[in-house]
S.K.: 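Have a look at the structure that comes next, please.
Position 1 is the first residue of the sequence, and the numbers go up from there.
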Amino acid sequence: MSNVPAVTQFRQQLTSMGGEFTNALPSHIKPERFQRVVMTSVQQNPGLLNADRKTLLASCLKCAADGLIPDGREAALVLFGNTVNYMPMFTGIQKRVRNSGVVSKIESHVIYENDEFIWEQGINSSISHKPLFPGDRGKAIGAYAIAKFNDGSDPQFEVMDVNQIERVRAVSRSKSSGPWVQWWDEQARKTVFKRLAKWLPLDADVDDLIDYDNAVERPELEAVAPIAAAPKKGSKLDAIVQEDVVDAVNVVEEPENANTSEDSVISEDDF
């Protein structure tokens, strides 16, 4: 490889994939915007550039194909050793569920010890949550998710306490780094929603996205939904990575700011 700086080289590789991103992305997401967000992500986490470049680019392409942006809200690019995978965040899954047309609204929130939280089970089950504001809400004690339907039928909800959430975290590949450390609240919200999703009439694309997310978290589930992998040798993406960058690169607009215990036994129902 040449001595071109890694950031410059990656920008050139990303630009070379413009056609692939155009084909993969839904029409409302412009390839230029997607590429700017990716550049912001790798500049905020330089470790991504030192990882296997093929898995980084393949993860970007998979994220685009799923209609999400790796901005830390909808999705994130996450390091697992020397490989990169994109991970959907709750906001990204929420967006895909809303677009499915079956669920009119979904919410998921973390419960803190100083909040007022009332959960009543039964035929007329209900949830009432009044966050403490202003003031110290204390430590997290659980999370819940609610789904409302377009046909006006009764909402469905799921509640998990912090111990149940931590059991899920304990078997995750990112339990000690990445999303569970950087965005515990987001991971907790996503975890309880994924449990609720088992009871929702979601379309196949949303089910596939949730299966993919489970496979990223738990490698033993990869057979169900293969995670983004390095491209096959000789493919176009493989050729892009193998190119020795010696020419001046195309100028790409600078990225906009993007806001970005012992393992326990766990059953499939915990996901």
Side-chain angles (χ1 to χ4, degrees), residues 55-56 58-70 72-81 83-100 102-103 106-108 110 142-147 156-230 261 263-271:
T55 62
L56 172 57
S59 293
C60 292
L61 200 55
K62 170 63 176 169
C63 185
D66 285 339
L68 302 180
I69 298 174
R73 296 187 305 270
E74 293 188 6
L77 296 171
V78 182
L79 270 171
F80 295 108
T83 64
V84 180
N85 263 284
Y86 110 82
M87 182 178 287
M89 307 296 281
F90 171 70
T91 299
I93 296 176
Q94 182 184 44
K95 182 178 81 169
R96 293 296 304 275
V97 171
R98 284 200 304 264
N99 291 343
S100 71
V102 176
V103 178
I106 60 170
E107 293 186 12
S108 184
V110 176
Y144 66 95
I146 301 176
Q156 292 233 23
F157 58 82
E158 187 72 50
V159 181
M160 296 176 70
D161 64 32
V162 73
N163 290 329
Q164 293 172 304
I165 294 168
E166 284 296 312
R167 286 180 65 202
V168 173
R169 175 182 178 173
V171 295
S172 169
R173 291 198 295 178
S174 63
K175 64 183 178 181
S176 301
S177 61
W180 275 110
V181 174
Q182 294 177 272
W183 306 296
W184 188 93
D185 286 11
E186 285 295 307
Q187 288 292 95
R189 294 170 67 206
K190 183 172 71 171
T191 297
V192 71
F193 171 74
K194 288 198 295 184
R195 179 182 281 192
L196 172 64
K198 294 181 179 182
W199 310 106
L200 301 180
L202 302 176
D203 63 28
D205 288 342
V206 175
D207 284 337
D208 289 346
L209 182 63
I210 292 173
D211 286 343
Y212 167 81
D213 184 61
N214 288 335
V216 173
E217 291 271 15
R218 300 177 62 189
E220 70 272 20
L221 299 177
E222 188 173 343
V224 176
I227 58 180
S261 101
D263 289 358
S264 57
V265 177
I266 190 166
S267 70
E268 183 181 344
D269 287 339
D270 285 311
F271 282 87

S.K.: With a 4.5 Å cut-off on side-chain heavy atoms, are N85 and R173 touching?
M.R.: yes
S.K.: Atom CD1 in I210, atom CG in D205: separation rounded to 0.5 Å?
M.R.: 11.5 Å
S.K.: Show the nearest heavy-atom pair for residues K190 and D213, with the distance to one decimal.
M.R.: NZ-OD1, 2.9 Å
S.K.: Can you name the residues that form a side-chain contact (heavy atoms from CB on, under 4.5 Å) with D207, not counting sequence neighbours?
M.R.: L202
S.K.: Side chains of K95 and E74, heavy atoms from C-beta outward: is any pair under 4.5 Å?
M.R.: yes
S.K.: Can you tell me how far apart CE (M160) and OG1 (T191) are? Round to the nearest 0.5 Å.
M.R.: 6.5 Å
S.K.: Closest heavy-atom contact between L200 and A147?
M.R.: CD2-CB, 3.8 Å
S.K.: Give, for atom CH2 of W199 and atom CD of Q156, the distance between the pair rounded to the nearest 0.5 Å.
M.R.: 8.5 Å
S.K.: Taking only residues two or more places apart in sequence or in another chain, which ones pass side-chain contact (heavy atoms from CB on, under 4.5 Å) with A64?
M.R.: F21, A24, L25, F34
S.K.: Look only at the side chain of E186 and the backbone of R73, and say whether a donor-acceptor pair between them is shorter than 3.5 Å.
M.R.: no
S.K.: Please find the pair of heavy atoms, one from T55 and one from T83, that lie closest to each other, and give the distance.
M.R.: OG1-CA, 3.6 Å
S.K.: Going by side-chain contact (heavy atoms from CB on, under 4.5 Å), name the residues that satisfy it together with Q182, two or more places apart in sequence or in a different chain.
M.R.: none
S.K.: Counting C-beta onward and ignoring hydrogens, is there a side-chain heavy-atom pair between I165 and R195 closer than 4.5 Å?
M.R.: no
S.K.: Search all heavy atoms of K175 against all heavy atoms of A170 and return the closest pair with its distance.
M.R.: CD-O, 3.3 Å
S.K.: Measure the spacing between OH of Y144 and CD of E107 and express it to the nearest 0.5 Å.
M.R.: 7.0 Å
S.K.: Supply the atom-to-atom distance F193 CZ to I106 CD1, rounded to the nearest 0.5 angstrom.
M.R.: 4.0 Å
S.K.: With sequence neighbours left out, write down each residue that passes ring-ring contact (aromatic ring centres under 6.0 Å, His included) with F80, or none if nothing qualifies.
M.R.: none
S.K.: If you measure from CD1 on I69 to SG on C60, what distance do you get to the nearest 0.5 Å?
M.R.: 12.0 Å
S.K.: Measuring only between side-chain heavy atoms, which start at C-beta, is R96 closer than 4.5 Å to D203?
M.R.: no
S.K.: Side chains of L79 and V84: does their closest heavy-atom pair fall under 4.5 Å?
M.R.: yes
S.K.: Taking side chain to side chain donor-acceptor pair (under 3.5 Å) as the test, write out the residues that go with W184, two or more places apart.
M.R.: E166
S.K.: Are D185 and R189 within salt-bridge range, i.e. N to O under 4.0 Å?
M.R.: no
S.K.: Could I get the full list of side-chain contact (heavy atoms from CB on, under 4.5 Å) partners for A75, not counting sequence neighbours?
M.R.: C63, L68, Y86
